[in-house]
Chemist: 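Supplied in structure tokens, the structure appears directly below.
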Amino acid sequence: MKRFNICLLLLFISSSSLFAQEIDTLPINTKGLEIKLKRSPLPSRIGSLDFKPVKIVPIVIDEKVNYWRTTTTIGIDVNQGAFSKNWRSGGVNSFAVGGLVNYKASYTKEGFSYTSDLRMEYGKIKNKDQLQKKTKDRIFWDNKANIQLSKSWFFFGSVTLETQFDDGYNYYRGGPNNDEQKQLISKFFSPGYITESIGFEYKPVNYFSTRLGTGTAKQTFIGNMDALIEAELARNPNSKKADYFGVPSDKNFRNELAFQITSTFGEKQIFTNVFLYARYNMFIPYDRKLEHIDHRLDVTLKSRINKFMNVTINGVGLFDKDSDPEIQASQNLSLGFGFTFPR
């Protein structure tokens, strides 16, 4: 019985394979056969399609691209101190006020850019029984045009003007009562500096740049030389001072050719609500010894308390043998109000 079942299974497998081979290889002649396809239930369009052009009216947007960007910052700071007559710890009544205006305009289109940076500062302090004194006084206007050479290198040309608003004095005590007196040492555009420079600028990021002014000329102006000479002789009748700020006493103008390096950082946020601005300038005259290289470093650190109030500390370091053989320094800390437009 087992043998019969095995033979029956083998016969069934062989017949199935043969049937499959016949189906796979059996040719079918469809010639003369009428094959009807099942009709699609979807509707069909009979006839030709007509295409008609439709006129589309273009929409013209009346907008212009503004390549200019301007920023204006106005700041006011006030400092006041008062003491009663019986205040035993000592002190003097004082009042100080200062202000600044910073205006920056920039134009950028394709590979050309132009930047104008105007910074004006002025402040005074009045202590009881003392003469008024300036705390800050500066006019600085820098104009620069760039042509891009590569990703970080530019060819630039710049013109810079620098002077002061008010008369500057040297204070001393003298006379029969040893009273505080003052001597005029500078005035508006006495001195005044105009610097023209061309060269190459390296600017890897928006907030940092270094200019290499291979061709730089600086003019020093003394607009009122007679007033400075008169003030010098009033204090020192035997004075034989030959020059003022590097300009000979018998002239009002001096020109120098030099190599100039200028690096600028910021104004950049370095911490939360803390901003840093720094500018360093080195002026190397071609026709003078290396000891006559001029250096100037300006640093401003500003912390915002809120939208309108801020704390600012300014520091300036200056070495210019034409004005003084020693390093000059100034520092100012203030709490004030600041407004920036546009916000």
Side-chain angles (χ1 to χ4, degrees), residues 66-84 91-108 113-128 130 132-144 160-166 168 188 203 205-209 262-281 296-318 329-343:
N66 187 4
Y67 297 99
W68 286 94
R69 182 179 179 183
T70 60
T71 303
T72 304
T73 302
I74 300 174
I76 301 173
D77 55 85
V78 178
N79 186 4
Q80 183 266 340
F83 304 88
S84 62
V92 60
N93 296 346
S94 65
F95 180 80
V97 62
L100 64 89
V101 176
N102 294 343
Y103 175 79
K104 186 174 183 179
S106 59
Y107 174 90
T108 302
S113 63
Y114 167 77
T115 303
S116 179
D117 188 5
L118 175 63
R119 295 175 176 267
M120 299 183 292
E121 300 178 349
Y122 187 78
K124 272 196 169 184
I125 185 172
K126 177 66 172 72
N127 294 327
K128 185 179 179 181
Q130 295 182 13
Q132 290 186 10
K133 300 179 177 66
K134 293 192 298 183
T135 56
K136 52 187 176 182
D137 185 6
R138 190 189 188 204
I139 302 174
F140 176 81
W141 189 18
D142 181 53
N143 296 271
K144 179 187 66 174
T160 304
L161 181 146
E162 187 173 1
T163 185
Q164 62 192 49
F165 285 102
D166 202 0
F188 173 75
K203 190 175 183 179
V205 289
N206 291 333
Y207 56 86
F208 175 78
S209 66
T262 303
S263 294
T264 305
F265 180 91
E267 186 172 303
K268 169 70 174 175
Q269 181 171 297
I270 56 175
F271 303 110
T272 303
N273 293 330
V274 177
F275 298 83
L276 174 65
Y277 169 83
R279 188 178 191 273
Y280 170 74
N281 184 77
R296 181 182 176 112
L297 175 63
D298 294 80
V299 179
T300 300
L301 191 65
K302 180 173 66 175
S303 177
R304 290 180 180 174
I305 301 175
N306 53 40
K307 290 184 178 181
F308 303 106
M309 297 184 64
N310 54 68
V311 177
T312 305
I313 180 170
N314 299 312
V316 179
L318 174 64
S330 69
Q331 177 269 328
N332 184 33
L333 175 64
S334 62
L335 170 65
F337 300 91
F339 308 90
T340 301
F341 308 96
R343 299 196 65 82

Chemist: Please name the residue in the list L161, L118, T160 that meets the side chain to side chain contact (heavy atoms under 4.5 Å, CB included) test with F140.
Modeler: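 Only one option passes, and that is T160.
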Chemist: Do I125 and N79 have side chains that get closer than 4.5 Å, going by heavy atoms?
Modeler: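 Side chain of I125 against side chain of N79, heavy atoms only: no contact under 4.5 Å found.
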Chemist: More than 12 heavy atoms of other residues, nucleotides or ligands under 6.0 Å from NZ of K126: is that the case?
Modeler: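 Yes.
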Chemist: Determine whether D77 and K136 satisfy the following criterion, salt bridge (Lys or Arg N to Asp or Glu O under 4.0 Å), listing intermediate values before the conclusion.
Modeler: CA-CA 12 Å; D77 55 85; K136 52 187 176 182; 3.3 Å; yes
Chemist: State whether the number of non-hydrogen atoms from other residues, nucleotides or ligands found under 6.0 Å of K104 atom NZ is greater than 12.
Modeler: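 No, not enclosed.
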Chemist: With a 4.5 Å cut-off on side-chain heavy atoms, are F339 and T72 touching?
Modeler: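 They are not in contact (no side-chain heavy atoms under 4.5 Å apart), so the answer is no.
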Chemist: When rounded to the nearest 0.5 angstrom, what distance separates OG in S116 from CG in D142?
Modeler: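 If we round to the nearest 0.5 Å, S116:OG and D142:CG are 8.0 Å apart.
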Chemist: Nearest 0.5 angstrom please: F188 CZ to T163 OG1, how far?
Modeler: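 Answer for the CZ-OG1 pair, F188 versus T163, is 5.5 Å.
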Chemist: When you compare the side chain of Y122 with that of Q164, does any pair of heavy atoms fall below 4.5 Å?
Modeler: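 The answer is no, as the side chains (C-beta and beyond) never meet within the 4.5 Å cut-off.
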Chemist: Do Y103 and W141 have side chains that get closer than 4.5 Å, going by heavy atoms?
Modeler: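 When only atoms from C-beta onward are counted, W141 and Y103 do not touch, as no gap falls below 4.5 Å.
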Chemist: Could you give the distance from CZ (R138) to CG (N314), rounded to the nearest 0.5 Å?
Modeler: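 Here the interatomic distance stands at 10.5 Å.
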Chemist: Evaluate whether atom CG of N206 has more than 12 neighbouring non-hydrogen atoms of other residues, nucleotides or ligands under 6.0 angstrom away.
Modeler: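 No, CG of N206 has 12 or fewer neighbouring heavy atoms, counting only those of other groups under 6.0 Å.
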Chemist: So, for R279 and T262, which heavy atoms are closest and what is the spacing to 0.1 Å?
Modeler: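 Heavy atoms of R279 and T262 come nearest at NH2-CG2, 3.4 Å.
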Chemist: Do any N or O atoms from the side chain of T135 and from the backbone of G123 form a donor-acceptor pair under 3.5 angstrom?
Modeler: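 Looks like yes, one N/O pair under 3.5 Å.
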Chemist: For F165 and D137, which heavy atoms make the closest approach, and how far apart are they?
Modeler: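 Reported closest heavy-atom pair: N-OD1, 2.8 Å.
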Chemist: Assert yes or no for the condition that the ring centre distance of F265 to Y207 is strictly below 6.0 Å.
Modeler: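 They qualify: ring centres under 6.0 Å apart.
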Chemist: Are more than 12 heavy atoms from other residues, nucleotides or ligands located less than 6.0 Å from atom CD1 of I313?
Modeler: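 Enclosed: over 12 neighbouring heavy atoms sit under 6.0 Å from CD1 of I313.
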Chemist: Atom CD1 in I74, atom CG in L100: separation rounded to 0.5 Å?
Modeler: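 It comes to 9.0 Å.
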Chemist: Does a salt bridge link R119 with D117, judged by any charged N lying under 4.0 Å from a carboxylate O?
Modeler: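 Result for this pair is yes, salt bridge flagged.
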Chemist: Counting neighbours of CZ on F337 that are heavy atoms of other residues, nucleotides or ligands and sit closer than 6.0 Å, is the number greater than 12?
Modeler: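 No.
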Chemist: Can you name the closest pair of heavy atoms from S209 and K203 and give their distance?
Modeler: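 Minimum heavy-atom separation between S209 and K203: CB-CG, 4.0 Å.
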Chemist: Below 4.5 Å, heavy atoms only, C-beta onward: do V78 and F95 meet side chain to side chain?
Modeler: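 They are in contact (side-chain heavy atoms under 4.5 Å apart), so the answer is yes.
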Chemist: If I take atom NZ from residue K128 and atom OG from residue S94, how far apart are they, to the nearest 0.5 angstrom?
Modeler: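 Going from NZ on K128 over to OG on S94, the span is 12.0 Å.
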Chemist: Taking the side chain as C-beta and beyond, is there a heavy-atom pair between K268 and L276 under 4.5 Å?
Modeler: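 K268 does not reach L276 side chain to side chain.
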Chemist: With rounding to the nearest 0.5 angstrom, report the OG1 to CZ distance, T312 to F275.
Modeler: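 These two atoms lie 11.0 Å from each other.
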Chemist: Take T71 and N102 through the side-chain contact (heavy atoms from CB on, under 4.5 Å) test and state the conclusion after the steps.
Modeler: CA-CA 8 Å; T71 303; N102 294 343; over 6 Å; no
